[in-house]
Amino acid sequence: MPDLLAVKASSSMPAGATAAGEFVYSDTLTKTTGIKKAVAERNNFSGAVGSIWLRADGDKSHVLIGLGPSESAGTAEITSGVAAFVRGVSKHRRAGITLAGVDGDPVELAGVVAEAAVLANYSFDDYRTDDEEVPKLSALTVVADGSLPPLRAAIAPAVAVAAEVCFARDLVNTPGGDLTPAKYADMAAERAREAGLVAEIFDEAGVAELELGGVLAVNKGSVHPPRLLKLTHTPEGADDDTPTVALVGKGITFDSGGLSLKTPEGMIGMKMDMGGSAAVIGAMCALPALDVDVKVISFTPMTDNMTGGDAQRPGDIYTAKDGTTVEVLNTDAEGRLILADALSLAVEDEPDAIVDLATLTGACVVALGDKIAGLMSNNDDFRDQVQASAKAAGERMWPLPLPEDYAKQLKSDVADVKNIGTRFGGTLTAGLFLKRFVGDDIPWAHIDIAGPAFASEVVGVSPKGGTGFGVRTLVELLKTWPSEDEDDPVDSDNSGD
Ligand code: BES
Ligand code: MN
Ligand code: ZN
């Protein structure tokens, strides 16, 4: 685990904070700071969103953090300001940010600032022995007027969620050769138990006993036995009527494509193919600290997809958990095979809703680019709730259809179903394959995170590499579900933001 930023609350800037940040709006810059516009501009600072101005103040730095025009500055602007600040002052060990001067409830702001700061301060240096270790802050003080306990009460859960996002990032960044299914399940179970969840690991024999045919089929080419990790969050006072959500996540610890081998370029980055499961595990681990009052169970199947001597061959047929026979015509369409079994397990528990996350298709990246996830569902209301949660969490997601007539592409000549459709609409046929195992009775959402699970550049609080995408959406959904007003339409802004 990385050293996470310690976030404190105080009514004054601590003497030890050698970088002190202050938010400014572009339109009131002169009024609030006394700095003339021309002077600021000569220093390339206009108060624009996500820009900072470091001003030497003796041996300290006084830092102005731009929020853009006051009328449009909100959570997103504060988040990108904090990201710029944390990165800009990373050489200082201790920093502070004052909330004075920002419109809004300081308690709410403290949570936003704390979460953004922890997320932006992240770096993955488990494997570095050189001196290039990225400098990081070790402590940040949020300075605000008024009583401190409410501030602390807002900071603690925000930091808890951010820490789990960082945990998910670490898992994604860990090389496939090191994060074997056994090690992955052990690490995740240990953290889950520390967080207060019940964790059960099913080893190869356990997976066979559960008849997870898809997990076993994908695992045939590997020397590393598979795992299934089941986590349970039971809120205090729960009974049989407590609403239950099941989460499912794809845990392919490395995807070579199997015998339908990927190209060298296509294989780079495939250590991230467990990003869906990492997001699910991260979100689960955050729930006890947030007092989420719904019951949540998660199923994360884990295996790599390799080319060993007994690897499944194109044309092989296996029997899935629910009895469906599946003809595997492309061994690189492996995610849906392990997810189908995990979804069947989830359905057996009769939850009130199911959400799965998976780095499932390259086609989704073609459709939406690498920053927006695809969202599919068998229930429009539930899909809207998931999308609203994503929006509130600052994660970009956009709906895609599950056209029933496309499902005939999955008809096999010899088995009940085959695992690929035509070249076109690959994200939708993957979604339709999964839908077959969920049915229509339980509201279900499928989130294809092939693009946003891993980043090629730093954007805002998101680092290069594993992003932890999905943790915050799931947490937001579980905090607010089931919603009272199911018919509330998601607003019509279609930027994907
Ligand atoms: N893990 C990949 C999908 C992927 C691609 C994730 C790029 C992240 C970035 C998945 O297992 C896969 O290989 N899908 C195939 C499906 C095809 C064979 C029907 C794909 O997208 O090419
Ligand atoms: Mn694949
Ligand atoms: Zn894959």
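These numbers come from a predicted model, not from an experiment. Start at 1 and go down the list; that is how both ligands and their atoms are numbered.
Interface atoms of ligand 1 facing Thr359, defined by a heavy-atom separation under 4.0 Å, are 1 (N), 2 (C), 3 (C), 6 (C). Each of the atoms 1 (N), 4 (C), 5 (C), 6 (C), 7 (C), 8 (C), 9 (C) of ligand 1 lies under 4.0 Å from some heavy atom of Met270. Counting the atoms of ligand 1 from 1 in the order shown, those under 4.0 Å from a heavy atom of Glu334 are 11 (O). Ligand-side atoms of ligand 1 in range of Asn330: 18 (C), range being under 4.0 angstrom from any heavy atom. Per-residue contacts place Met272 under 4.0 angstrom from the following atoms of ligand 1 (heavy atoms of the residue considered): 8 (C), 9 (C). Taking a cut-off of under 4.0 Å to the non-hydrogen atoms of Lys250, the atoms of ligand 1 that pass are 1 (N), 10 (C), 11 (O). Close approach of ligand 1 to Asp255 (heavy-atom distance below 4.0 Å) involves ligand atoms 1 (N), 2 (C), 10 (C), 11 (O), 13 (O).
Inside a sphere of radius 2.8 Å centred on the Mn ion (ligand 2), the protein N/O/S atoms present are Asp255 OD2, Asp332 O, Asp332 OD1, Glu334 OE1.
Side-chain atoms of Thr359 and Asp273 include a donor-acceptor pair closer than 3.5 Å. Side-chain N/O atoms of Gln409 and Thr429 include no donor and acceptor closer than 3.5 Å. A side-chain donor-acceptor contact under 3.5 Å links Asp416 and Thr325. A donor and an acceptor atom, one from each side chain of Ser277 and Tyr184, are located under 3.5 Å apart. For the residue pair Asp322/Ser344, the side-chain donor-acceptor check at 3.5 Å is not satisfied. Neither side chain, Asp440 nor Asn378, offers a donor N or O lying under 3.5 Å from an acceptor on the other.
Of the heavy atoms in Ile420, only side-chain atoms (C-beta onward) come closer than 4.0 Å to ligand 1. For Ile252, no heavy-atom contact with ligand 1 is shorter than 4.0 Å.
With hydrogens left out, the protein atom closest to atom 16 (C) of ligand 1 is Arg336 NH2, 3.9 Å, a heavy atom. Nearest non-hydrogen protein atom to atom 10 (C) of ligand 1 is Leu360 O, 3.3 Å.
The name of the N, O or S atom in Asp255 nearest to the Zn ion (ligand 3) is OD2. In terms of distance to the Zn ion (ligand 3), the nearest N, O or S atom of Glu334 is named OE2.
Salt-bridge check for Asp170 with Arg191: failed, with every basic side-chain N at 4.0 Å or more from each acidic carboxylate O. For Asp178 and Lys183, the salt-bridge test fails: no basic side-chain N is under 4.0 Å from an acidic carboxylate O.
At least one N/O-N/O distance between Asp332 and ligand 1 falls below 3.5 Å. For ligand 1, one of its N or O atoms has an N or O atom of Asp273 under 3.5 Å away. Residue-to-ligand polar distances place Gly362 within reach of ligand 1: an N/O pair is separated by less than 3.5 Å.
Below 30°, between 30° and 60°, or above 60°: for Phe437 and Phe433 the angle between ring planes is between 30° and 60°, a tilted geometry.
Listed for the Asp448 side chain is a donor-acceptor partner under 3.5 Å among the backbone atoms of Thr361. Side-chain atoms of Thr331 come within 3.5 Å of backbone N or O of Gly257 as a donor-acceptor pair. Within the 3.5 Å criterion, the main-chain N or O of Gly470 finds no donor-acceptor partner in the side chain of Thr473.
Side chains of Leu434 and Met376 form no contact here, defined as non-hydrogen atoms less than 4.5 Å apart. Under the 4.5 Å side-chain criterion, counting only non-hydrogen atoms from C-beta, Tyr318 is not in contact with Leu216.
With Ser222 as the partner, the side chain to side chain donor-acceptor pair (under 3.5 Å) test is satisfied by one option alone out of Asp304, Thr307, Asn305: Asp304.
Checking Asp273 against the Zn ion (ligand 3), an N/O/S atom falls under the 2.8 Å cut-off. Among the backbone and side-chain atoms of Lys250, an N/O/S atom is found under 2.8 Å from the Zn ion (ligand 3).
Under the 4.0 Å distance rule, the nearest protein heavy atom to atom 22 (O) of ligand 1 falls outside the cut-off.
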